[in-house]
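So the structure is just underneath, and the comments pick up after that.
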Amino acid sequence: MDILKKCNLCKRNCLVNRYKQVGYCKQTDKIRVAKAVLTYFEEPCISNSKGSGTIFFSGCNMRCIFCQNHDIASGLKGKVLSIENLANIMLKLQDKGANNINLVTPTHFTYGIIKALEIAKNKGLVIPIVYNTSSYENIDTLKDLSGLIDIYLPDFKYVSSALSSEYSNAKDYFEVAKLAVAEMVRQVGSPVFFEDKEINQFNAKNNLNLDYNLMKSGVIVRHLCMPGTTKDSKAVIKYLYETYKDDIFISIMNQYTPLPEVNNHPKLSRKLTKKEYNSVINYALDLGLTNGFIQEGDVASESFIPDFNFQGLL
């Protein structure tokens, strides 16, 4: 059965016929992309100096009220691409020197992406594939990605159902995300990095020039700290660390930027304070976290919000 006729690709399970109407993600059956470029603001083992080959897909199955990529998450921006075009964009990013292909909010286009990856790999795509997602996933959809994804880069937004309900209309987020991350770890295992000798051989064999110190496979779980939610951030870190220890990396981010959509919100209308962020970091260190990333300085700015201008699309 064609799943898009009664779509349940994600845990929204909206069951709409996407050939005739849009789903919760605000997308039809057509693959839509807003931008495909090298980006340099991911974790160091993803972007490094050469950049991550990032493909920003239109729409989102979360549509959080504070979304930093509001224009594409709401489905307002994007260009329709064929599966063949998507495959060629992946190859073009590899030719530009990308360290990996980074698929951002891809869930609602999963089966088109699978076909594009198969085409691209048959044409010479060899760099790691990164699946960059909110974790509000249907496990069966994730299982169909097994063997195609090298690095999972999921968010883990909340433990609190009150927060997830208010901010993301997803009361069950914690339970869903727990299962999603477990499946990701099951698929790709503990973190593996390219060794210097290995990356030299890989580059020579494939006529590439990838950076050193790159992740080859594994899971990096991101948590965006937000104003007024320090207690929940600590609960997220505690759950992830006690469950996975060093089998994952945890990226603790402070780049939350209040956009006009939340100007009047009692908590979300301001930036995270240094005290709030340091409290979460110190808590993580006290737990024993070593496999992690933090953001230094004031990175909460619109420089972290891409201009979705169709750059890099065919």
Side-chain angles (χ1 to χ4, degrees), residues 33-58 68-69 71-72 77-79 81 85-106 113 116-117 120-121 123-133 148-155 188 191-196 198-222 224 249 251 253-255 257 293-297 299-314:
V33 175
K35 195 170 188 174
V37 294
L38 297 176
T39 59
Y40 301 90
F41 46 74
E42 311 287 18
E43 287 73 11
C45 62
I46 301 294
S47 288
N48 213 312
S49 65
K50 303 288 195 315
S52 178
T54 307
I55 302 174
F56 293 93
F57 291 92
S58 301
Q68 312 292 278
N69 295 343
D71 284 352
I72 61 165
K77 288 206 174 176
K79 181 178 178 181
L81 297 179
N85 275 348
L86 179 57
N88 288 333
I89 285 171
M90 295 176 184
L91 292 165
K92 185 177 178 181
L93 287 167
Q94 178 174 269
D95 290 343
K96 287 183 174 181
N99 287 317
N100 42 62
I101 299 299
N102 186 352
L103 307 169
V104 180
T105 58
I113 290 170
L117 284 171
K121 286 173 181 285
K123 289 184 176 181
L125 183 69
V126 294
I127 55 179
I129 308 301
V130 181
Y131 198 81
N132 188 334
T133 174
L148 288 171
I149 304 302
D150 302 289
I151 300 167
Y152 279 103
L153 191 57
D155 292 338
V188 298
V192 177
F193 289 77
F194 284 104
E195 297 180 0
D196 290 355
E198 184 182 13
I199 201 70
N200 289 336
Q201 293 172 342
F202 186 83
N203 283 338
K205 178 182 177 182
N206 298 293
N207 193 28
L208 297 172
N209 188 30
L210 303 188
D211 279 315
Y212 292 94
N213 302 317
L214 289 180
M215 181 174 274
K216 182 179 181 181
S217 62
V219 177
I220 303 174
V221 182
R222 288 173 161 176
L224 176 63
F249 273 75
S251 183
M253 304 186 298
N254 71 342
Q255 69 189 54
T257 305
F293 299 99
I294 64 172
Q295 291 180 316
E296 296 180 336
V299 297
S301 72
E302 293 193 7
S303 64
F304 275 80
I305 303 171
D307 178 13
F308 297 109
N309 56 7
F310 309 146
Q311 183 180 348
L313 305 187
L314 301 177

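We number each residue from 1, following the sequence as shown. Every heavy atom of this structure was used, including side-chain atoms; hydrogens, water molecules and symmetry mates were not.
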Does atom [atom1] of [X] have more than 12 heavy-atom neighbours, drawn from other residues, nucleotides or ligands, at distances under 6.0 Å?
X: Asn207; atom1: CG; result: no
X: Lys50; atom1: NZ; result: yes
X: Glu198; atom1: CD; result: yes

Test side-chain hydrogen bond (donor to acceptor under 3.5 Å, both in side chains) on Asp211 and Ser49; report intermediate values, then the result.
CA-CA 7 Å; Asp211 279 315; Ser49 65; 2.6 Å; yes

Show, in sequence, the C-alpha distance, side-chain angles and deciding distance for Ile151 and Lys216, and conclude whether the side-chain contact (heavy atoms from CB on, under 4.5 Å) test is met.
CA-CA 7 Å; Ile151 300 167; Lys216 182 179 181 181; over 6 Å; no

In sequence, state the C-alpha distance, the side-chain angles, and the governing distance for Leu103 and Ile129, and then conclude on side-chain contact (heavy atoms from CB on, under 4.5 Å).
CA-CA 8 Å; Leu103 307 169; Ile129 308 301; 3.8 Å; yes

[X] and [Y]: which non-hydrogen atoms are nearest, and at how many Å?
X: Ile46; Y: Leu214; result: O-CD2, 4.3 Å
X: Ala87; Y: Ala116; result: CB-O, 3.4 Å
X: Lys123; Y: Leu91; result: CB-CD1, 3.7 Å
X: Asn209; Y: Asn203; result: N-OD1, 3.7 Å
X: Ile89; Y: Ala36; result: CG2-CB, 3.6 Å
X: Ser251; Y: Ile220; result: CB-CG2, 4.0 Å

Between Ile55 and Leu86, does the side-chain contact (heavy atoms from CB on, under 4.5 Å) criterion hold? Intermediate values first, please.
CA-CA 9 Å; Ile55 302 174; Leu86 179 57; 4.1 Å; yes

Can you check whether [Y]'s main-chain N or O pairs, donor with acceptor, with [X]'s side chain at less than 3.5 Å?
X: Gln295; Y: Asn254; value: yes
X: Glu43; Y: Phe293; value: no
X: Thr54; Y: Leu38; value: no
X: Asn99; Y: Ser47; value: yes
X: Asn200; Y: Asp196; value: yes

Less than 4.5 Å apart, side chain to side chain, heavy atoms only: is that true for [X] and [Y]?
X: Leu208; Y: Val126; value: yes
X: Thr133; Y: Leu153; value: no
X: Phe202; Y: Leu210; value: yes
X: Asn206; Y: Gln94; value: no
X: Met215; Y: Pro191; value: yes
X: Val219; Y: Pro154; value: yes

Separation between CG of Asn132 and CD1 of Ile101, rounded to the nearest 0.5 Å:
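Answer for the CG-CD1 pair, Asn132 versus Ile101, is 13.0 Å.
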
Report the distance from atom CG of Asp155 to atom CZ of Arg222, rounding to the nearest 0.5 Å.
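The distance works out to 7.0 Å.
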
Would you say the ring centroid of Tyr212 lies under 6.0 angstrom from that of Phe194?
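No; Phe194 has its ring centre 6.0 Å or more from that of Tyr212.
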
Once the angle between the rings of Phe193 and Phe249 is folded into 0 to 90°, is it parallel (under 30°), tilted (30 to 60°) or perpendicular (over 60°)?
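Aromatic pair Phe193/Phe249 classed perpendicular.
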
Any side-chain donor paired with an acceptor under 3.5 Å for Glu42 and Ser52?
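Glu42 vs Ser52: no donor-acceptor pair found between side chains.
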
What do the steps show when you test Val188 against Asp150 for side-chain contact (heavy atoms from CB on, under 4.5 Å), and what is the final call?
CA-CA 6 Å; Val188 298; Asp150 302 289; 5.9 Å; no

